[in-house]
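Residue numbers begin at 1 in each chain, while the letters A, B, ... track the order of the sequences. Remember, predicted model here, so these are calculated numbers, not experimental data.
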Amino acid sequence: MGENFYLTSPPSPLLHGEGGERKDAKMAQQVQEKYEESHLYRIRHSAAHIMAQAVLEMFPEAKYTIGPPVENGFYYDFDLPRSLTPEDLEAIEKRMRQIVQGKHDFIKKVVSADEARQIFKDQPYKLELIDGLEQGGFDEYGNPLKEKPEISIYQHDTFVDLCRGPHVANTREIKPDAFKLMNVAGAYWRGDENNKQLQRIYGTAWENKQQLEEYLHQLEEAKKRDHRKLGKELEIFIFDEEVGPGLPLWLPNGGVMIEELEKLAKEMEEKAGYVRVRTPHLTKEDLFLRSGHLPYYAESMYPPMELEGVKYYVKPMNCPFHHKIFGSKQRSYRDLPLRLAEYGTCYRYEKSGELFGLMRVRSMQMNDSHIYVSEELFEQEFMGVVDLYRKYFDLFGIEKFVMRLSLHSKAGLGKKYVDNERLWLKTEEMVRRAMTNGGVPFVEAEDEAAFYGPKIDVQIWSAIGREFSLATNQVDFAVPARFDLKYINKDGQEEVPLCIHRAPLSTHERMIGFLIEHYAGAFPVWLSPEQARVIPITDGQNEYAENIAKQLRANGIRASADLSSQRMNAKIRDAQMMKVPYMIVVGKNEMEAGQISLRVRDGSQQNNIPLAEFIARAKDRIARRAKEL
RNA sequence: GCCGACGUAGCUCAAUCGGCAGAGCACCCGCCUUGUAAGCGGGCGGUUACGAGUUCGAUUCUCGUCGUCGGCUCCA
């Protein structure tokens with residue numbers, strides 16, 4: 001079944017490390033070397049140049065910017081006089097094939113900054129890059145550099161580009177049937193939405209035709225497990241235009257999955273010493289002024305509603321409410337860690353273009369908890385949460401993820417981040433030490449923290465390769481003080497607790513979106529909306545089938561009988577398509593013997609067995625939340 | 001939010017140059033009484049996303065709105 005097949009996850013970090021996405025540079029550096037030295041990388045980098053040549057021939061007035069290899073291919077960003085059409089792409093691709101077959105050498109030349117300025121005198125973006133290179137600190141893609149880079153140009157045929165390479169030696173190394181232009185997209189110069197928007201052409205390139213075809217085939221396969229497609233087919237959720245974008249409606253099947261996840265969370269959290277609270281969806285403006293969210297977060301919040309002169313906000317997070325609960329009475333160090341848990345429903349006004357199926361929505365229910373802890377207990381508690389993650393990930397068989405320590409950036413202090421560098425450095429080191437001591441592998445990423453502290457994010461990739469934070473585990477060294485939270489320590493002194501925000505099961509929306517893709521819709525029994533479907537062979541067994549379904553339900557197994565007038569073959573097909581784990585087939589034989597025949601989703605069969613035997617099997621799988629059927 | 005593409009029946013998709021909007025599946029009604037991935041027949045189903053405009057005539061051309069998709073930006 002390829003349970004863990006992902007097209008792109010975890011992707012080569014190049015996807016994040018290059019092309020102006022500075023944020024994951026550190027992470028990229030750790031694993032990137034191999035790809036960067038590969039022939040494939042040269043092919044893609046060179047293909048980008050060849051594409052740029054074709055584009056410049058088509059638009060002599062075009063301004064060109066950067067064109068790095070990325071995972072599976074390359075792109076190049078252009079400032080063009082008009083929008084590109086699909087026909088343009090075809091023409092560009094055709095011209096690229098001609099250029100490739102011209103067998104041109106790629107020639108590198110190291111130049112001075114002034115020479116480079118002369119060469120690119122009509123190319124404002126290149127001039128900007130040259131200035132940057134001359135000043136040092138960053139390479140042409142904006143990645144930080146330790147040393148001042150040399151400035152080099154690469155030429156093939158008539159095309160010259162500012163480039164550090166590497167490239168193939170000759171365009172003949174790029175096979176004309178092994179690359180393809182994929183799409184055009186808008187992209188901001190240097191990745192900054194305040195800058196001009198350029199046109200980015202994405203292409204894919206491989207060693208040979210077969211690899212290209214394999215990749216295109218994989219893309220098709222990935223689309224089949226896209227949660228948006230499966231979610232509709234398996235009747236898990238829908239979106240409705242009148243309800244609004246990003247506001248999913250959970251169908252009964254989705255409802256079951258949510259209930260199962262909550263049951264799981266409650267069991268695990270109860271064992272781990274959490275207590276459950278409930279808080280309202282609305283609050284006065286005062287609460288978010290107090291928490292400090294409003295200045296940092298207002299643009300992601302639904303605008304306030306005003307009643308009797310008081311502004312109310314719909315909550316985008318649960319923390320301030322939990323802080324109020326912590327502060328509702330005097331706390332002693334003996335009360336710590338205090339773990340307040342709630343599957344809280346939050347609303348965030350995500351920009352329209354950022355919405356993405358269930359993975360990015362505007363209404364969400366978070367597997368939320370806030371743990372109030374002393375500094376002394378911090379490491380142990382933080383690792384307790386990481387352990388919880390790992391238990392969940394084992395349960396789901398999630399193997400492809402990256403734990404990322406998200407740090408502040410100096411430049412963001414006082415803007416994106418609470419302005420207290422000392423506490424940033426201190427808490428970051430606490431997390432780093434906890435993770436290192438716990439032997440948990442992680443990567444670090446600057447400028448990815450929450451505004452109130454560093455965090456560990458668990459990064460996963462959707463079927464089509466988009467990256468998301470699934471679970472998160474955040475340190476908050478700032479907000480408890482704003483709420484005047486304190487506890488009395490052993491010495492009778494007041495101290496401000498640290499707060500750990502954690503959501504190991506993410507939100508229902510993102511978690512279920514992810515699980516749909518992870519399992520390709522074929523959920524383990526405990527999570528399957530319909531666990532067993534009873535299929536009578538003729539209508540002579542309808543009553544028997546109904547009776548069996550009833551017995552199954554009485555045993556806590558979600559089951560129904562298919563009494564439609566279709567033939568058995570069609571009923572089996574329907575059940576297979578809905579990925580029901582167990583099909584109970586009953587015909588004349590079974591009815592007379594008081595038995596059943598079992599067809600499992602994987603195609604295996606056990607004919608004429610006692611119902612009790614099946615019930616025992618199903619109950620065992622459910623009770624253990626087993627991976628096997 | 002930005003750039004681009006797209007929007008036809010519940011779903012998946014057709015419809016020539018601007019000339020009466022179609023198929024399969026699903027659904028409903030029958031027939032068949034069936035042994036592990038689609039039995040057969042009939043029926044219902046549309047203000048072609050919405051609103052303007054051009055035209056004798058618009059699913060088709062133009063503009064606007066809404067929504068979806070691919071990216072960018074942003075994120076649980």
Distance in angstrom units between [X] [atom1] and [N] [atom2], rounded:
X	N	atom1	atom2	answer
A/Leu80	B/G4	CG	P	12 Å
A/Arg404	B/A76	CZ	C1'	12 Å
A/Glu233	B/C11	CD	C1'	9 Å
A/Arg573	B/C25	CZ	P	11 Å
A/Asp574	B/G39	CG	C1'	14 Å

For atom [atom1], what is the distance between [N] and [M], given to the nearest Å?
N	M	atom1	answer
B/G70	B/G57	C1'	36 Å
B/C61	B/C2	P	24 Å
B/U16	B/U59	C1'	14 Å
B/A38	B/U12	C1'	15 Å
B/U73	B/A37	C1'	45 Å
B/C74	B/A5	C1'	22 Å
B/A23	B/C44	C1'	16 Å
B/G39	B/U65	P	49 Å

Result of checking A/His322, A/Arg276, A/Arg278 against A/Glu342 for side-chain hydrogen bond (donor to acceptor under 3.5 Å, both in side chains): A/His322

Could you tell me whether [X] contacts a base, only the sugar-phosphate backbone, or nothing, with contacts defined as non-hydrogen atoms closer than 4.0 Å?
X	answer
A/Ile535	nothing
A/Ser597	base
A/Asn589	base
A/Met364	base
A/Tyr202	sugar-phosphate
A/Asp192	nothing
A/Glu590	base
A/Lys455	sugar-phosphate
A/Ala185	base
A/Asn183	sugar-phosphate
A/Ser469	sugar-phosphate

Would you indicate which nucleotide in [options] comes nearest to any side-chain atom of [X]?
X	options	answer
A/Gln197	B/G70, B/C72, B/C2	B/C2
A/Asn569	B/G67, B/A38, B/G1	B/A38
A/Ala570	B/G39, B/U34, B/A37	B/G39
A/Ile572	B/U34, B/G1, B/U36	B/U36
A/Ile537	B/C72, B/U36, B/G35	B/G35
A/Gln576	B/G67, B/A37, B/U73	B/A37
A/Thr507	B/A76, B/C75, B/U33	B/A76

Pair partner, [N] [Watson-Crick or wobble, under 3.5 Å]:
N	value
B/C32	none
B/A58	none
B/A14	none
B/C44	none
B/C2	B/G71
B/C63	B/G51

A/Arg362 to A/Tyr349, cation-pi by 6.0 Å centre distance and 45° axis angle: yes

Pi-cation contact, A/Phe468 with A/Arg510 (under 6.0 Å, within 45°): no

Most 5' of A/Glu509 and A/Gly353 on RNA chain B, judged by nearest nucleotide: A/Gly353

Upstream residue (5' side of RNA chain B) when A/Gly540 and A/Phe356 are each assigned their closest nucleotide: A/Gly540

Main-chain N/O of A/Ala265 paired to A/Tyr343 side chain as donor or acceptor, under 3.5 Å: no

A/Gln199 (side chain) donor-acceptor with A/Arg82 (main chain) under 3.5 angstrom: yes

Can a side chain N or O of [X] be found less than 4.0 Å away from OP1 or OP2 on [N]?
X	N	result
A/Arg599	B/A37	yes
A/Lys351	B/C75	no
A/Ser352	B/G1	yes
A/Ser83	B/C3	no
A/Tyr75	B/C72	no
A/Arg466	B/G71	yes
A/Arg228	B/G70	yes
A/Lys588	B/U34	no

Between A/Gln365 and A/Thr507, a side-chain donor and acceptor under 3.5 Å: no

Parallel, tilted or perpendicular, as decided by the 30° and 60° cut-offs, for the rings of A/Tyr76 and A/Tyr64: tilted

side-chain contact (heavy atoms from CB on, under 4.5 Å) between A/Arg225 and A/Leu230, worked out: CA-CA 6 Å; A/Arg225 65 193 296 151; A/Leu230 285 172; 4.2 Å; yes

Beyond-backbone contact of A/Leu294 with A/Met301, side-chain heavy atoms, under 4.5 angstrom: yes

State whether the distance check finds a donor on one side and an acceptor on the other, under 3.5 Å, for side chain [X] versus base [N].
X	N	result
A/Arg567	B/C32	no
A/Tyr188	B/G1	yes
A/Glu350	B/A76	yes
A/Arg200	B/C3	no

Pairs touching residues 231-251 of chain A that satisfy salt bridge (Lys or Arg N to Asp or Glu O under 4.0 Å), sequence neighbours left out: A/Lys229-A/Glu233

